[in-house]
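Take a look at the structure set out below.
Side-chain atoms are counted along with the backbone in the values below, which use heavy atoms only and exclude waters and symmetry mates.
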Amino acid sequence: MRSALLFHDDGEERAVLEFQDEFLKLHHMDICSLEDGGAIDRNLDAVDDVRVRIMATMGLIDKLMKNRFDRELERVGLTISQVQVLIYILREQRKKDREITAKELEQRFRVSNPTMSGILRRLEKKDFIKRKPGSLDKRNKQICIKSDVEKLYRLVEDRVAQENERLFQGITKEELQCLAKCLTQILRNIDQDRKEE
């Protein structure tokens, strides 16, 4: 799909616009159409630029995984964001006896105060966590996991292990190591851009 803005003579700028158009088209595919067996292959096979294909594939993997986990977690009345926060708190509490605050969670998950407050409020309402005044600063609430979350944690860990087995079928250890190395470099490149802004 070519951009309507392709009136420039400069080949590089034209290539960038085409790249952006192809990526956006694939990125905004409907989840329902993705679950049709051949839709992913048909859409990705139509892409000539390998960079667009890689970026689009990463985006589609993210969409499909979130959708799959959201459906699984609906059964226990949670979202993926809530589970990530619960698991982080649980792991940190296991490591050492220390206070975990909303501020730390905001920084850890790179979200705003209102976003994290909403997640914690819903978790508290569902009786997964409790908030109590911090020992150093009463205004900075300490977040504590309730003991019955251990069962949920094991359930999620088992489900993640099953998904990992399924996801990486047919891929050798060497291919996985190469993929991990490439994705880490992409992540570093993105992070470098963010630091320079």
Side-chain angles (χ1 to χ4, degrees), residues 1 19-47 49-92 94 105-112 115-116 118-120 122-123 126 128-129 145 149-194:
M1 180 180 191
F19 179 92
Q20 289 170 340
D21 271 2
E22 290 296 339
F23 178 71
L24 288 171
K25 182 179 91 175
L26 287 165
H27 184 70
H28 292 294
M29 283 176 66
D30 185 359
I31 285 289
C32 296
S33 71
L34 292 177
E35 290 176 346
D36 156 27
I40 293 173
D41 289 338
R42 282 194 305 276
N43 281 280
L44 289 176
D45 287 345
V47 178
D49 192 317
V50 70
R51 295 166 305 163
V52 175
R53 188 179 175 122
I54 290 166
M55 288 171 64
T57 302
M58 287 164 52
L60 296 176
I61 289 169
D62 182 55
K63 269 186 180 184
L64 287 169
M65 288 302 299
K66 279 183 182 166
N67 189 262
R68 181 179 295 274
F69 276 113
D70 279 343
R71 282 198 310 247
E72 284 287 324
L73 294 170
E74 257 177 42
R75 296 175 191 173
V76 287
L78 291 167
T79 67
I80 196 160
S81 301
Q82 292 166 353
V83 167
Q84 287 170 332
V85 169
L86 280 174
I87 288 174
Y88 176 79
I89 297 168
L90 192 58
R91 283 182 178 159
E92 290 303 304
R94 280 181 175 168
L105 294 171
E106 289 164 26
Q107 291 167 349
R108 170 67 178 84
F109 291 98
R110 294 183 180 187
V111 295
S112 66
T115 299
M116 186 53 66
I119 291 170
L120 294 174
R122 286 185 284 278
L123 287 173
K126 292 172 184 175
F128 286 111
I129 63 165
I145 290 280
V149 174
E150 288 277 353
K151 186 177 169 187
L152 173 71
Y153 177 72
R154 283 193 300 276
L155 179 97
V156 170
E157 288 250 301
D158 289 347
R159 192 67 189 97
V160 168
Q162 288 169 15
E163 277 298 308
N164 283 343
E165 276 298 311
R166 199 177 64 80
L167 281 175
F168 299 114
Q169 272 180 333
I171 304 173
T172 67
K173 188 177 178 181
E174 292 75 22
E175 288 169 334
L176 283 175
Q177 286 169 339
C178 182
L179 177 62
K181 187 177 177 183
C182 292
L183 291 176
T184 301
Q185 185 58 51
I186 290 170
L187 192 58
R188 282 193 193 115
N189 294 344
I190 292 168
D191 196 47
Q192 187 59 39
D193 286 349
R194 184 183 59 79

Notebook entry, point to check: What is the distance from atom CG of Leu90 to atom CG of Leu86, rounded to the nearest 0.5 Å?
Noted result: 8.0 Å
Checklist line | Over all atoms of both residues, closest heavy-atom pair of Leu120 and Ile129 | finding: O-CD1, 3.5 Å
Check: Are any non-hydrogen side-chain atoms of Met65 and Leu167 less than 4.5 angstrom apart?
Finding: yes
Checklist line | Pairwise distance CD1(Ile89) to CD1(Ile145) - rounded to 0.5 angstrom | finding: 4.5 Å
Check: Out of curiosity, Lys63 NZ to Leu60 CG, how far, rounded to the nearest 0.5 Å?
Finding: 7.0 Å
Notebook entry, point to check: Rounded to the nearest 0.5 Å, how far does CZ of Arg166 lie from CZ of Arg68?
Noted result: 4.0 Å
Side-chain atoms of residues 177-186: list all donor-acceptor pairs with protein atoms under 3.5 Å, sequence neighbours left out, distances to 0.1 Å.
{"residue": "Thr184", "atom": "OG1", "partner": "Ala180", "partner atom": "O", "Å": "2.7"}
{"residue": "Gln185", "atom": "NE2", "partner": "Asn189", "partner atom": "OD1", "Å": "2.9"}

Item checked: Any Leu105 side-chain heavy atom under 4.5 Å of Val111 side chain -> no
Note to self: Among residues at least two apart in sequence or on other chains, which ones pass side-chain contact (heavy atoms from CB on, under 4.5 Å) with Gln84?
What the structure shows: Ile80, Phe109
